Amino acid sequence: MSYAGDVTPQQAWDILRSDADAVLVDVRTRAEWSYVGIPELSEIGKQVVLIEWVGFPDGQRNPHFVEQLRDAGVSDDQQVLFLCRSGQRSVGAAEAATADGIAQAYNISEGFEGGLGPDGQRGVVGWKAQGLPWRQS
């Protein structure tokens with residue numbers, strides 16, 4: 001594994017609550033943030049860092065991802081938790097962060113709304129399904 005590891009959404013929330021320096025980076029697209037929602041961290045005095053890993057609608061990787069991560073104030077000594085829809089794109093983000101010197105880069109394995117369930121719909125697992133704080137943006 002070329003990043004610190006995978007955590008569940010609940011484990012990510014627990015890290016964010018217990019570590020004042022831990023940061024959540026949502027790497028989904030602007031469309032997903034706008035239409036699906038984003039994690040809500042105000043009750044723990046934090047804000048989600050929003051940086052696209054790939055663009056919409058072209059699906060091209062953001063060539064400035066690491067630069068934007070650093071511009072957002074993310075440093076090498078922080079625990080950084082990466083979130084996407086289902087826990088796939090966020091692996092690439094965690095790998096890129098690790099390659100740039102962030103040793104504690106974690107992937108949130110189930111993502112914001114999980115993979116497709118048996119009914120072909122999302123929302124069976126993930127941040128939202130676990131009842132963690134989120135809001136429509």
Side-chain angles (χ1 to χ4, degrees):
M1 185 175 304
S2 57
Y3 56 98
D6 296 321
V7 296
T8 67
Q10 183 63 55
Q11 289 170 321
W13 175 248
D14 293 343
I15 290 167
L16 290 162
R17 282 191 332 197
S18 65
D19 180 349
D21 294 326
V23 62
L24 176 62
V25 180
D26 188 329
V27 302
R28 294 175 298 147
T29 64
R30 292 182 192 282
E32 288 170 300
W33 303 326
S34 296
Y35 298 111
V36 180
I38 60 173
E40 174 56 62
L41 305 181
S42 61
E43 76 178 67
I44 57 173
K46 296 183 178 188
Q47 291 186 353
V48 179
V49 174
L50 303 173
I51 305 172
E52 290 181 310
W53 175 248
V54 297
F56 177 82
D58 64 4
Q60 296 297 311
R61 185 173 175 267
N62 175 0
H64 306 289
F65 178 80
V66 172
E67 177 185 337
Q68 292 170 347
L69 190 62
R70 297 308 191 167
D71 287 347
V74 175
S75 65
D76 290 350
D77 58 349
Q78 291 178 285
Q79 290 191 83
V80 185
L81 304 144
F82 292 96
L83 176 77
C84 69
R85 179 179 58 197
S86 63
Q88 301 302 307
R89 285 173 284 173
S90 47
V91 168
E95 290 173 338
T98 300
D100 198 61
I102 299 172
Q104 299 179 83
Y106 296 92
N107 173 51
I108 300 175
S109 60
E110 297 170 3
F112 189 67
E113 54 183 342
L116 295 175
D119 62 356
Q121 300 293 313
R122 296 185 190 280
V124 176
V125 298
W127 186 279
K128 284 174 70 173
Q130 289 192 12
L132 296 170
W134 71 279
R135 66 178 168 82
Q136 203 70 46
S137 55

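The model shown is predicted, which means the values in this text are computed figures rather than measured ones. These values consider heavy atoms only, across backbone and side chains, with no hydrogens, waters or symmetry-generated copies.
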Is there a path from Leu24 to Val36 through hydrophobic residues (I, L, V, M, F, W, Y) whose side chains come within less than 4.5 Å of each other? yes

Compare all side-chain heavy atoms of Leu69 with those of Ile102 and state whether any distance is below 4.5 angstrom. yes

Rounded distance [0.5 Å steps], CD1 in Ile108 versus CG in Leu81: 5.0 Å

N/O donor-acceptor pair under 3.5 Å between Glu67 side chain and His64 backbone: no

Considering only NZ, NE, NH1 and NH2 on the basic side and carboxylate oxygens on the acidic side, decide whether Asp21 and Lys46 come within less than 4.0 Å. no

So CG of Leu41 and CZ of Arg17: to nearest 0.5 Å the spacing works out to 12.0 Å

Measuring only between side-chain heavy atoms, which start at C-beta, is Val48 closer than 4.5 Å to Pro39? yes

Cluster link Leu50 to Leu132, ILVMFWY, side chain under 4.5 Å: yes

Can you name the closest pair of heavy atoms from Val49 and Ala72 and give their distance? CG1-CB, 3.8 Å

Would you call the rings of Phe112 and Trp134 parallel, tilted or perpendicular, where under 30° means parallel and over 60° means perpendicular? perpendicular

Hydrophobic cluster membership, Ile44 vs Leu83, 4.5 Å side-chain cutoff: yes

Glu40 side-chain N/O to Arg135 backbone N/O, donor-acceptor pair under 3.5 Å: no

Joint hydrophobic cluster, Tyr3 plus Val66, side-chain heavy atoms closer than 4.5 Å: no

Would you say Gln47 has more than 12 foreign heavy atoms packed within less than 6.0 Å of its CD? no

Could you tell me the separation between the CH2 atom of Trp53 and the CG atom of Asp26, rounded to the nearest 0.5 Å? 14.0 Å

Using the side chain to side chain donor-acceptor pair (under 3.5 Å) criterion, which residues pair with Thr29? Sequence neighbours excluded. Glu32

A side-chain contact here means heavy atoms from C-beta on lying under 4.5 Å apart; do Asp71 and Ile51 qualify? no

What distance do Phe82 atom CZ and Thr98 atom OG1 have between them, rounded to the nearest 0.5 Å? 7.5 Å

In Å, rounded to the nearest 0.5 Å, how long is the span from CH2 of Trp13 to CD1 of Ile15? 12.5 Å

So, the side chain of Asp6 versus the backbone of Ser109: is there a donor-acceptor pair under 3.5 Å, distance only? no

Under 3.5 Å: donor-acceptor pair, side chain of Gln79, backbone of Gln104: no

Working to the nearest 0.5 angstrom, can you tell me the gap between Arg28 CZ and Ser86 OG? 10.5 Å

Sub-3.5 Å donor-acceptor pair from the side chain of Trp127 to the main-chain atoms of Pro133, do we have one? yes

So among Arg30, Gln68, Arg89, Gln60, which one has a side chain to side chain contact (heavy atoms under 4.5 Å, CB included) with Glu52? Arg30

Is Val7 reachable from Val80 through a run of I, L, V, M, F, W or Y residues, each pair having side-chain heavy atoms under 4.5 Å apart? no

Give the minimum heavy-atom separation between Ala105 and Ala97, together with the two atoms involved. CB-CB, 4.0 Å

